[in-house]
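Letters A, B, ... mirror the listed sequences (proteins, then strands); counts begin at 1. Just so you know, these numbers come straight off a predicted model, no measurement behind them.
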Amino acid sequence: MAELEEKYPPRNLPEGAFVTRFAPSPTGYMHIGGLYQALIDCKLAQQSGGVFMLRIEDTDTKREVADAVKIIEDSMHRFGLQYNNDEKYGPYYQSKRKDIYHSVAADLLARGLAYPCFLTAEDMEKIRENQKAAGFATGIYGEFARDRNLTEEEIIAHLDNGEVPTIRLYSMGNPENRIFCKDAVRGSIGFPENNEDIVLIKSNDGLPTYHFAHLCDDHFMRTTHVVRGEEWLPSFPLHTQLFRMMNWTPPMYIHTSTIDKIDSETGKQRKLSKRHDPEANVAFFLADGWPTEAVLEYLGNIAASGYEEAKMKGQVKSIWEYEMRPKKIPMSGALFDMKKLEWWAKEFIASLPVEELVKRVRDWADEYDSQWAARIAVNPEYLKCILAIERDNPKRIRKDFITWKQTLQEVSYFWDDLFVPNKEYEYNKAVLSGFLNTFDSCDDKDTWWNKIVSVAAENGVKNGDAAMNLRVALTGRTNTPDLYSIMQVMGKDKVINRIKEIIQ
RNA sequence: GGUCCCAUCGUCUAGCGGUUAGGACGUCAGAUUCUCAUUCUGAAAACACGGGUUCGAUUCCCGUUGGGACUGCCA
């Protein structure tokens with residue numbers, strides 16, 4: 001133990017620096033709730049001059065999924081959540097930290113605070129059934145802890161029999177007593193003491209359970225603040241007791257609320273689920289081309305609700321400049337609000353210079369949509385001109401672009417292979433041909449508009465109707481940005497062809 | 001069933017004993033514009049309920065109701 005303390009000494013960090021960690025299990029994809037927690041971790045460390053780590057909790061070999069770690073790391077990079085895994089406090093895979101867990105377990109064993117248990121899965125199943133039938137709390141505790149007081153001879157006999165024990169906690173807790181646990185947002189929470197002899201080291205692979213790994217890792221990694229989901233609240237007393245047993249000071253805990261949605265079938269609020277909700281998966285936002293910054297701002301504003309106001313007032317530029325206060329992190333579950341995310345996304349995209357917008361859109365297409373990528377590659381300048389429409393006046397930038405993907409769909413009519421002529425619209429062909437006769441692509445905007453006005457007058461229609469005929473003929477849509485700009489970008493030939501197509 | 005967490009406009013929230021209960025998204029109306037988007041103006045919209053404590057409760061305490069989490073050799 002002393003060796004470990006020496007090997008992983010307290011960090012040499014300024015007063016008030018947060019040492020945090022995001023500790024996901026590599027069981028599939030990255031959950032939006034995980035991203036939320038990781039953001040809080042990262043932010044708290046960043047603003048305090050501390051350290052943010054990424055620790056992989058791969059202690060459940062059964063649920064492990066190939067590539068999961070890669071997905072997690074990739075997500076962290078894409079969202080700009082930079083972690084700093086200093087080798088000194090590693091390794092950062094729990095599967096590689098067996099020595100540490102075993103040393104601590106040996107210490108507990110020696111002090112009579114843990115014991116080898118030879119209960120099989122069937123034994124435990126039976127115990128559980130009996131407990132349920134009798135109305136007792138389930139679990140291995142008190143008189144149900146069969147192997148609590150095994151003699152050395154009995155243990156040897158089991159071992160000789162080829163049985164591999166789990167190492168269980170010899171719980172000293174008494175549910176009659178209350179234990180108070182400190183949470184940074186919720187304050188002191190009282191629980192009955194834990195009396196379960198929970199598993200510390202599993203028998204099948206010698207790896208620790210979450211509870212034990214958390215104890216050892218966050219102590220030796222010198223974590224100061226543990227940000228985790230509120231699903232850990234019930235085991236909070238256990239963790240507090242564990243730290244007391246070791247005589248270690250526990251980290252400060254921040255239990256975050258879940259990110260929920262209303263279930264469309266039951267109408268009830270529930271946590272975003274990997275199985276049913278695509279938006280629970282961070283990859284969904286990437287594939288659909290949501291700006292990562294917007295997602296982060298949306299999430300960040302949930303954790304630090306004053307952010308949006310500070311940003312609107314121009315006091316801060318991004319979430320990284322706004323101070324997040326642990327105490328203000330909300331404790332009730334927030335419904336995921338797509339509309340508000342859209343707003344953040346629109347605002348973000350509107351703030352981008354054209355060059356940057358084009359780059360982002362292209363990057364997305366290159367990765368997720370080869371057809372678009374190919375189309376853009378033919379003439380990147382064309383896309384730039386298209387996206388530059390209604391972007392010259394900073395006060396009047398169009399805000400209908402939400403994602404990179406939707407941006408392209410929004411302007412798809414600029415490409416002939418994607419242009420869908422509107423066959424429903426009742427065109428005024430006289431207006432169209434009247435315009436065509438006087439059309440000159442070199443006209444400036446006023447001249448162009450005056451021509452429309454006179455064509456309208458000649459045909460006895462309103463100016464707006466004349467413009468609408470043109471708009472629909474050229475784009476197939478009734479809603480578009482500035483018509484003049486569109487025609488400028490489309491070019492003379494396309495304009496003439498599309499109008500002729502309608503007239504005939 | 002047991003333990004624990006939570007409860008302000010539709011949504012996210014500000015509030016930390018005395019406020020016309022503030023903001024944002026969304027919604028609606030009006031103005032501007034060749035349509036849309038933008039921009040600007042305005043409107044509707046909340047303290048779950050019942051007891052206390054107090055001169056005074058959205059705020060503190062208790063209860064009810066509602067929602068959520070946990071109750072695994074999963075995290």
Side-chain angles (χ1 to χ4, degrees), chain A residues 23-27 57-60 62-63 94 117 119-121 124-125 128 132 135-140 164-168 175 181 183 185-186 189-192 194 196 198-211 213-214 228-237 255 257-258 260 262 268-271 298 301-302 305-309 311-312 328 330-344 346 350 390 393 395-401 410 448-449 452-453 456 462-472 475 477-484:
Chain A
S25 306
T27 54
E57 309 226 320
D58 55 348
T59 55
D60 185 358
K62 289 184 224 80
R63 287 205 309 155
Q94 289 185 327
C117 172
L119 249 19
T120 63
M124 291 174 54
E125 188 53 41
R128 195 187 336 272
K132 276 185 181 166
F136 294 143
T138 54
I140 303 303
V164 183
T166 60
I167 304 302
R168 275 187 192 276
C181 307
D183 178 278
V185 270
R186 290 161 220 259
I189 309 171
F191 298 86
N194 169 270
E196 278 192 69
I198 57 114
V199 173
L200 264 20
I201 303 285
K202 297 185 277 186
S203 63
N204 60 342
D205 49 18
L207 286 167
T209 54
Y210 170 87
H211 311 290
H214 156 55
R228 45 145 68 153
E230 67 179 358
E231 67 270 20
W232 291 110
L233 240 23
S235 42
F236 204 177
H255 289 96
S257 53
T258 52
D260 306 343
I262 299 291
K268 291 189 173 180
Q269 186 164 342
R270 46 150 251 251
K271 192 170 153 183
Y298 171 69
N301 190 56
I302 290 179
S305 69
Y307 170 61
E308 65 185 355
E309 204 169 340
K311 172 152 182 180
M312 260 182 286
K328 301 285 289 175
M331 37 191 178
S332 53
L335 247 26
F336 193 86
D337 188 347
M338 261 307 178
K339 281 275 181 262
K340 189 135 193 184
L341 207 214
E342 284 183 9
W343 175 76
W344 280 110
K346 285 177 184 174
E390 288 191 5
N393 183 348
K395 284 245 155 201
R396 300 223 148 189
I397 291 176
R398 61 187 298 195
K399 285 187 182 163
D400 48 354
F401 295 145
E410 203 63 27
W448 168 83
W449 180 244
I452 289 179
V453 171
K462 289 180 187 164
N463 298 344
D465 290 341
M468 186 54 83
N469 267 279
L470 260 183
R471 165 172 292 108
V472 178
T475 68
R477 304 181 186 188
T478 49
N479 302 333
T480 74
D482 179 59
L483 234 199
Y484 177 75

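- Residue contacts shown for A:Glu342 are absent, as no nucleic acid heavy atom lies under 4.0 Å away.
- For A:Thr209 against B:rC73, no side-chain N or O and base N or O form a donor-acceptor pair under 3.5 Å.
- A:Arg477 places a side-chain N or O within 3.5 Å of a backbone atom of A:Glu410 that can act as its donor or acceptor partner.
- In this structure, A:Arg128 reaches the B:rG72 phosphate: one of its side-chain N or O atoms is under 4.0 Å from OP1 or OP2.
- For the pair A:Thr138 and B:rG72, the criterion of a side-chain N or O lying under 4.0 Å from OP1 or OP2 is met.
- For B:rG68, the base has no donor-acceptor partner in the side chain of A:Glu230 [N/O atoms by modelled type, under 3.5 angstrom].
- Along RNA chain B, the nucleotide nearest to A:Thr478 and the one nearest to A:Lys340 differ in position, and the one closer to the 5' end is contacted by A:Lys340.
- Contact between the side-chain N/O atoms of A:Lys202 and the OP1/OP2 oxygens of B:rG72 is not found at any separation under 4.0 Å.
- A donor-acceptor pair shorter than 3.5 Å can be found between the side chains of A:Arg471 and A:Thr480.
- Contact annotation for A:Lys328: backbone-only contact, meaning every heavy-atom pair under 4.0 Å involves sugar-phosphate atoms and none involves a base.
- At B:rA75, none of the side-chain N or O atoms of A:Lys62 fall inside 4.0 Å of OP1 or OP2 (strictly under the cut-off).
- Across the protein-nucleic acid pair, A:Glu231 atom CD and B:rC5 atom P stand 16 Å apart, rounded to whole Å.
- Put simply, A:Thr59 has a side-chain N or O that comes within less than 4.0 Å of OP1 or OP2 on B:rA75.
- Residue A:Asn393 contributes atom CG, which lies 16 Å from atom P of B:rU33 at whole-angstrom precision.
- A:Pro330 comes within contact range of the sugar-phosphate backbone alone, with a heavy-atom separation under 4.0 Å but no base atom that close.
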